[in-house]
Number of protein chains: 2
Amino acid sequence: MNLLEKLHSEVASLSKSERKVADVILADPHGAIHKSIATLAQLADVSEPTVNRFCRTLGAKGYPDFKLQLAQSLVKGTPFVNRHVEQDDSIEDFTGKIFESTMAALNVTRKHIDIETLEQAIEALSQAKKISFFGLGASASVAHDAQNKFLRFDTPVMFSDDVLMQRMAAINSGPGDVIVFISHTGRTKALCEIAAIARQTKAKVLGITAFPSPLADECEMVLSTQVPEDTDVYMPMASRIAQLVLIDVLITGYTLRRGPDFRDKLRLIKESLRDSRFGKVDGV
Amino acid sequence: MNLLEKLHSEVASLSKSERKVADVILADPHGAIHKSIATLAQLADVSEPTVNRFCRTLGAKGYPDFKLQLAQSLVKGTPFVNRHVEQDDSIEDFTGKIFESTMAALNVTRKHIDIETLEQAIEALSQAKKISFFGLGASASVAHDAQNKFLRFDTPVMFSDDVLMQRMAAINSGPGDVIVFISHTGRTKALCEIAAIARQTKAKVLGITAFPSPLADECEMVLSTQVPEDTDVYMPMASRIAQLVLIDVLITGYTLRRGPDFRDKLRLIKESLRDSRFGKVDGV
DNA sequence: ATTATTTTTGTAATTTAATTACATTTATTG
DNA sequence: CAATAAATGTAATTAAATTACAAAAATAAT
């Protein structure tokens, strides 16, 4: 709870003089942060120590600290809150909510990311003989995207959103191969079975999925993207974005691990794409 | 521009002693807001007036005002800064940078989003006889994802990452159809040509792409996702995320526009997927 | 109702912090 | 290598915040 909210909720329990101070501040919080304790005391018609005590009552160390906290609580935005879309939202409303929820999801994912697993995953990828990305439904496009990124390197990479193909590929994998399973829920039966098969071949199995979940159990390494989401009515949105950003992180780690000479190759690929574009070359 | 950003961008133009002050603050901005001018001067090994002058250089009224502004710019946890990944970054470092850059990109996109175009686009989609999503390379997976989302409704939807297929589909489109072109650069020649063809058929052409750009010129409606990015060495990451979130916004608008009875259908689809999963049903 | 006790508030003194004026040093240029 | 301008520091001044204590108000108990 920030200071301003606290102030609102505690005015009732303040003493008479302290409430006078609170009133002056609440009337113009933005102005208050530039007032000295003397000015504020005068405006509230109380003594300076009263203002000081008031600050301490609100949990601040003193008047300057109080102003600091007040200033911080006045910063507008209150972003990163996962608010649900309502039927009568205006376009601005739900657009803002979606962007904010997505950012909130990214924030949560970043905070809970397991660096150790990430390190293992990057290590495994950079030493892989072959890399595969498997996903179904909405997660298929995430897997597709991952393949697209890794296609720029010289390690063989495949992607599939077909259960039979995935099963066959899993059976034919072996030590040194990395198979990445992508799933929002981690509960898709077909994918769990395939992950189990893949593990028996001693291939490295990485899950980008919910934890805990049946799929996570089958994986050697798990990067968790569990994000609280309103999945009842709408479809997974924010969690899929989190998955994609995780893949961005993986590929960045992979690129860095492979060293600078590798980056020259990337530049070559970019140049080879130039002819298909109008002027000013850029990424795809 | 908040104080912290300003500080970052102006360190270069500061004098030697002032830069020492800046360094101390940048090393621990959160700590700085609780230091007195004397402590800070001591840490930076400069005199107190130097700190004071430093504050004025940054546009503050004095030291207390500077602290106030600094406190405010620290509220969001210092995200939203587009910092580049460096060769010797640790995993924590570049992970943080990627997440932050992505969030920064989303923030920029949200701010610059054209609500009017968005409204037109949602209107067009909800009345479409057929919806197509076209993209190439990395943007193909974005288009793929969009198709996946719209497949849950009763409007015919297609996706293609094949230039010939796209061309044929464009020729066979007509009034009432909506074709969405997705491209990071907006400079892919093949896609521009197809967009031009599509327009001649009187189909509604929506671009999710950079503006201004050759592709944007061919589109009736453009949702811009131009994001400053380090595209020289690595591949487009943040801008693709912005495109995906825009699609989330479009589909949310579409769903809301179609009304509550429509949402029951969504629930039916979800239930039909239940059998393919272990326990606790959820989105895909 | 009145006194004792606690709580609240204010006055004045003290301490701490920030700023100003001016001197000195350091860099810059002809 | 002067001469000038810019940058930095010292010391004095002013402003701000806090503390200690006393007075007043409110509450409780007899």
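Just so we're on the same page: letters track the sequence lines, and every chain starts at 1.
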I need the CZ-P distance between B/Phe66 and C/dA17, as an integer number of Å. 18 Å
Between B/Ser36 and C/dT16, is there a side-chain N or O to OP1/OP2 distance below 4.0 Å? no
Distance-only check: which donor-acceptor pairs under 3.5 Å involve side-chain atoms of residues 57-67 of chain A, not counting sequence neighbours?
residue : atom : partner : partner atom : Å
A/Thr57 : OG1  : A/Glu18 : OE2          : 3.4
A/Thr57 : OG1  : A/Arg53 : O            : 2.8
A/Tyr63 : OH   : A/Lys35 : O            : 2.6
A/Asp65 : OD2  : A/Lys61 : N            : 2.8
A/Asp65 : OD2  : A/Gln69 : NE2          : 3.2
A/Lys67 : NZ   : A/Lys35 : O            : 3.0

Would you kindly give the CD1-to-C1' distance between B/Ile37 and D/dG9, to the nearest whole Å? 13 Å
I'd like a list of close polar pairs between nucleotides 26-28 of chain D and the protein, N/O only, cut-off under 3.5 Å.
residue : atom : partner : partner atom : Å
D/dA26  : OP1  : A/Lys16 : NZ           : 3.4

Of residues 17-28 of chain A, the positions that come close to DNA chain C - non-hydrogen atoms, cut-off under 4.0 Å: A/Ser17
Whole Å only: how far is the NZ atom of A/Lys61 from the P atom of D/dT19? 10 Å
A/Ser47: which residues meet the side-chain hydrogen bond (donor to acceptor under 3.5 Å, both in side chains) condition with it, sequence neighbours left out? A/Thr50
To the nearest Å, how far apart are A/Tyr63 OH and C/dA17 P? 17 Å
ring-ring contact (aromatic ring centres under 6.0 Å, His included) with B/Phe99: which residues, sequence neighbours excluded? none
Could you point out which residue of B/Val249, B/Thr109, B/Leu250 forms a side-chain contact (heavy atoms from CB on, under 4.5 Å) with B/Leu223? B/Leu250
In whole Å, I'd like the distance from the NZ atom of A/Lys67 to the P atom of D/dT18. 10 Å
Excluding sequence neighbours, so at least two apart, what forms side chain to side chain contact (heavy atoms under 4.5 Å, CB included) with A/Ala216? A/Thr209, A/Phe211, A/Ser213, A/Val222
Sorted by chain and number, sequence neighbours left out, side chain to side chain contact (heavy atoms under 4.5 Å, CB included) with B/Ala32 holds for B/Ile25, B/Leu70
Atom-to-atom span, CG of A/Leu40 to P of C/dT9 - whole angstrom: 15 Å
Take the protein atom NZ of A/Lys35 and the nucleotide atom P of D/dA17, then report the distance between them rounded to whole Å. 13 Å
How would you list, by chain and number, every residue that makes a side-chain hydrogen bond (donor to acceptor under 3.5 Å, both in side chains) with A/Asp23, sequence neighbours excluded? none
Partners passing side chain to side chain contact (heavy atoms under 4.5 Å, CB included) against A/Ala22 (at least two apart in sequence or in another chain): A/Leu7, A/Val11, A/Leu14, A/Phe54
Testing A/Ile98, A/Thr95, A/Ile91 one by one against B/Thr252 for a side-chain contact (heavy atoms from CB on, under 4.5 Å), which residue passes? A/Ile98
Residues in contact with DNA chain C, drawn from residues 46-57 of chain A - heavy-atom cutoff 4.0 Å: A/Val46, A/Ser47, A/Pro49, A/Thr50, A/Arg53
Rounding to an integer number of Å, can you tell me how far B/Gln42 CD sits from D/dT10 P? 13 Å
Partners passing side-chain hydrogen bond (donor to acceptor under 3.5 Å, both in side chains) against A/Ser17 (at least two apart in sequence or in another chain): none
According to side-chain hydrogen bond (donor to acceptor under 3.5 Å, both in side chains), who are the partners of A/Glu92, at least two apart in sequence or on a separate chain? none
